[in-house]
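What follows is a short report on a single structure.
Indexing begins at 1, ligand by ligand and atom by atom, following the structure's order. All heavy atoms count here, side chains included; hydrogens, waters and symmetry mates do not. In this text the structure is predicted, and so the values were computed from the model without any measurement.
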Amino acid sequence: VAIPEEDKPDADTVQVLRDLANRLRIHSIRTTCALSTGHPTSCSSAAEIMSVLFFYIMKYKQEDPENPNNDRFILCKGHAALILCHTWVEVGNILSLPFLCRSDLTLMEDFLITLDSRDVARLAFVDVAIGWYGPGLGTACGMAYTGKYFDNASYRVFCLLGDGESWEGSVWEALAFGSHYNLDNLMAIFDVNRLGHSGVLPIENCIEIYQKRCEAFGWNTYVVDGRDVEALCDVFWQAAQVKNKPTAIIAKTFKGRGIPSVEDTENWHGKPMPTERADAIIKLIESQIETNRQLTPKSPVEDSPYVNTTNVEMTSLPVYEVGDKVATRKACGLALAKLGHANDRVIVLDGDTKNSTFSEIFKKEHPERFIECFIAEQNMVNVALGCAIRGRTIAFVSTLAAFLTRAFEQIRIGTITESNINLIGSNSGVSIGEDGPSQMALEDLAMFRAVPNCTVFYPSDAVSTEYAVFLAANTQGLCYIRTSRPETDVIYSPTEIFEIGKAKVIRQSVDDKVTVIGAGVTLHEILVAADELSKQDTPIRVIDLFTIKPLDTDTIIAHAKCTGGRIITVEDHHLEGGIGEAVCAAVSMEPDILVHSLAVQGVPRSGKPSELLDMFGISARHIIVSVKCMLTN
Ligand SMILES: Cc1ncc(C[n+]2csc(CCOP(=O)(O)OP(=O)(O)O)c2C)c(N)n1
Ligand SMILES: *[C@@H]1O[C@H](CO)[C@@H](O)[C@H](O)[C@H]1NC(C)=O
Ligand SMILES: *[C@@H]1O[C@H](CO)[C@@H](O)[C@H](O)[C@H]1NC(C)=O
Ligand SMILES: *[C@@H]1O[C@H](CO)[C@@H](O)[C@H](O)[C@H]1NC(C)=O
Ligand SMILES: CC(=O)N[C@H]1CO[C@H](CO)[C@@H](O)[C@@H]1O
């Protein structure tokens, strides 16, 4: 289909778009020179793409970058951050970039970060932090999925990737996802400038090869000369007519475009132009500018619904009775389904494990809010980040805890973006039994504890699991909920009050000799040990942590002091980075407290859950021995 005359940019507009691109080039060269750092050549290759997108294609309110009706833009190739900032200067939203100093720019280019944590203006037009290449397209998929299926709104999602970046596997996971879910509101633009950081990329500028690959992944595709603003306007118009398929635009570009003896040559990644040459370069580019006109972006269609994702209330108490036998993974699935009734923006993503994590219960009750992400965990976390951006949804990601480790980088990025997603890892530890060591998450607590501001829940029964799910939904920032496979006793009454950072003391007497701390399956081993020890006149105090981070240091120290300073921790996790080390760190300033930790050491094996708890030293029998040992030494 040919683009109708009325949608074609007239000759004047074409020239203004070219001029805007050149102005963006000049700004990028100037700023990077002034700061002696930055990526002017990465900016330069994308200048026409940026001017066409922001001044001819995208629909948004220039005075309100976070407006829910706006088209979204994700700069996957985050090192070109400066061109995005200068585009917004040209858009007129920010007058200049007065706050930029050298370290700000380095930080911004590395992370495309929201700068508010450093007491400078927040870049309201940046939705997601991207300095690690690869996650942008999956995040864009999440935003597009939300736009199409949850918001049912007209806004579209544009994302700009580097060709070097496209060697990341997560880009291909996202391509598979985007076409499977017919995300026709999603446009990926590949800036194929032939060069990466340290050299020439494998398929150079054979844009047809990129095109075939994207087509094979089910995308509608175009190849285009990325310097030609009319051609770019044309393919973006074509793409907007296509239903049920996302579009990939493969743009042949030149790194350092417009800069003599730098354009398309190696060794210029991340280097400002030499100051003695900068003026001449800028003059040359300026000589191609013919107008001083601005263009006003088109207004968005205002059809994005108002959403409220705050203060989700538990409308009825948990239905369990003390003594019921329920696996926490199942209680988690049931709690998600209940949460979904309390707020219609709750969504759940799973990676083909829904009948193990029991997220299938949520799916059954809220099929339109369940996203099957298949076996692509990195992409699943990226999609969830995208769904949660701008507070559009309350997103829960569930899979086996072991499989979340492969999405660790995506999880880290979540904290930089101040993302608000919740991760559920089920089937943790050796207590999964027969499935064997590859499926046993024994390092997940270490991983999530290391993430800044991540709240780590490790509930021990069905009631506390339900409270954990509701607390996570109402907690800003990343949350992790660790659940277990075995069926265990319900130990709490439905009216018990749970708070983040508050442990429960569940056995207590004046004669207690040792404080024993656990969570999840080990708590039940501790209770068995406590019964046996109390028959033998050695009562112990038992603490259920509920959250591993933040850790209830006050409760731990206070109770340890009542039991002669003796603490034993028991966990279905490796020693390194787990509950034992968290407790040791918490009591490290207390000279009279001694901690002994029981944890899974070495590589486990397949077996019956109870056999494995015993084999790896975290069963009731081992707890009894440890208590006695500690008292005789
Ligand atoms: C995951 C990851 N690996 C490596 C890097 C280091 N790095 C930064 S930019 C870059 C080259 C990017 O090339 P390309 O995607 O083609 O972008 P452009 O040429 O437009 O700068 C590399 C390797 C990174 N930022 N993230
Ligand atoms: C969002 O919904 C909650 C729960 O119904 C309510 O308490 C809160 O006031 C609402 N927030 C806004 C901004 O409407
Ligand atoms: C999930 O489904 C698979 C295949 O049907 C089955 O083998 C497995 O036992 C199921 N798991 C659960 C927990 O129901
Ligand atoms: C982390 O949490 C602290 C305390 O709640 C808060 O002050 C800080 O802003 C948070 N940091 C980030 C990056 O969210
Ligand atoms: C903007 C948008 O996508 N609107 C859609 C909302 O849902 C109805 C019914 O499925 C569609 O017909 C609209 O096109």
Any protein heavy atom sitting closer than 4.0 Å to [atom]?
atom	result
atom 14 (O) of ligand 5	no
atom 10 (O) of ligand 5	no
atom 7 (O) of ligand 2	yes

Pull out every atom of ligand 2 sitting under 4.0 Å from any heavy atom of Thr310, numbered as shown with elements.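 Heavy-atom distances to Thr310 below 4.0 Å select 1 (C), 2 (O), 3 (C), 11 (N).
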
Just which atoms of ligand 2 are under 4.0 Å from any heavy atom in Tyr306?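 Those atoms are 12 (C), 13 (C), 14 (O).
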
Which atoms of ligand 1 have any heavy atom of His79 under 4.0 Å away?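 Heavy-atom distances to His79 below 4.0 Å select 8 (C), 9 (S), 25 (N).
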
For ligand 1, which atoms have a heavy atom of Gly196 less than 4.0 angstrom away?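 Here the atoms of ligand 1 in question are 11 (C), 13 (O).
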
Examine the proximity of ligand 1 to [X] and report which part, side chain or backbone, both or neither, has a heavy atom under 4.0 Å away.
X	value
Thr41	neither
Glu165	both
Asn193	side chain

Gly134 near ligand 1 by a heavy-atom separation under 4.0 Å: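 Outside the 4.0 Å threshold, so no.
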
Does ligand 1 have any atom sitting under 4.0 Å from a heavy atom of Glu168?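 It does, in that a heavy atom of Glu168 comes within the 4.0 Å cut-off of ligand 1.
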
Taking atom types as modelled, is there a side-chain donor on [X] or [Y] under 3.5 Å from an acceptor on the other?
X	Y	result
Asp191	Thr253	yes
Tyr480	Asp444	yes
His269	Ser198	no
Asp64	Tyr60	no
Thr265	Asn267	no

Proximity winner for atom 9 (S) of ligand 1, if only heavy atoms of Arg194, His39, His197, His269 are counted: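 Among Arg194, His39, His197, His269, the closest heavy atom to atom 9 (S) of ligand 1 comes from His269.
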
Per atom 2 (O) of ligand 2, closest listed option by heavy atom (Asn308, Asn311, Asn474):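 Answer by nearest heavy atom: Asn308.
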
Enumerate the atoms of ligand 5 whose separation from the nearest heavy atom of Ser154 is less than 4.0 angstrom.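 Contacts of ligand 5 toward Ser154, numbered from 1: 1 (C).
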
Relative to the heavy atoms of Ala153, which atoms of ligand 5 are at a distance of less than 4.0 Å?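 Under 4.0 Å from Ala153, ligand 5 has these atoms: 1 (C).
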
If we set the cut-off at 4.0 Å for heavy atoms, which region of Asp303 has an atom near ligand 5: side chain, backbone, both, or neither?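 The side chain, only.
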
Check whether any side-chain N or O of Tyr222 sits under 3.5 Å from a backbone N or O of Ala248 as a donor-acceptor pair, and report yes or no.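 No; zero donor-acceptor contacts below 3.5 Å.
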
Is a side-chain donor or acceptor of Arg406 paired with a backbone partner of Ala402 at a separation under 3.5 angstrom?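 No, because the side chain of Arg406 does not come within donor-acceptor range (under 3.5 Å) of the backbone of Ala402.
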
When you compare ligand 1 with [X], is there at least one nitrogen or oxygen pair between them that comes in under 3.5 angstrom?
X	answer
Leu195	yes
Ser45	no
Glu409	no

Side chains of Ile394 and Val312: does their closest heavy-atom pair fall under 4.5 Å?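 They are in contact (side-chain heavy atoms under 4.5 Å apart), so the answer is yes.
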
Can you confirm, on distance only, whether ligand 2 has an N/O atom lying under 3.5 Å from any N/O atom belonging to Glu313?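 The answer is no, given that Glu313 and ligand 2 share no N or O pair closer than 3.5 Å.
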
Can you tell whether the side chains of Glu204 and Arg194 come within less than 4.0 Å, N to carboxylate O?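 Salt bridge: yes.
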
SB check Lys77 Glu165 (cutoff 4.0 Å):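 Not counted as a salt bridge, because no side-chain N and carboxylate O are separated by less than 4.0 Å.
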
Pair Val451, Ile411 - check side-chain contact (heavy atoms from CB on, under 4.5 Å), show working. CA-CA 8 Å; Val451 172; Ile411 292 163; 4.2 Å; yes

Is NZ or CZ of Arg213 both nearer than 6.0 Å to the six-membered ring centre of Trp167 and within 45° of the ring axis?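 Output yes; distance and angle both within limits.
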
ring-ring contact (aromatic ring centres under 6.0 Å, His included) for Phe150 and Tyr145? Distances and angles first, verdict last. CA-CA 7 Å; Phe150 304 138; Tyr145 193 103; 5.4 Å; yes

Can you report which non-hydrogen protein atom sits closest to atom 3 (O) of ligand 5, along with the distance?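 Heavy-atom neighbour on the protein nearest atom 3 (O) of ligand 5: Asn152 OD1, 3.1 Å.
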
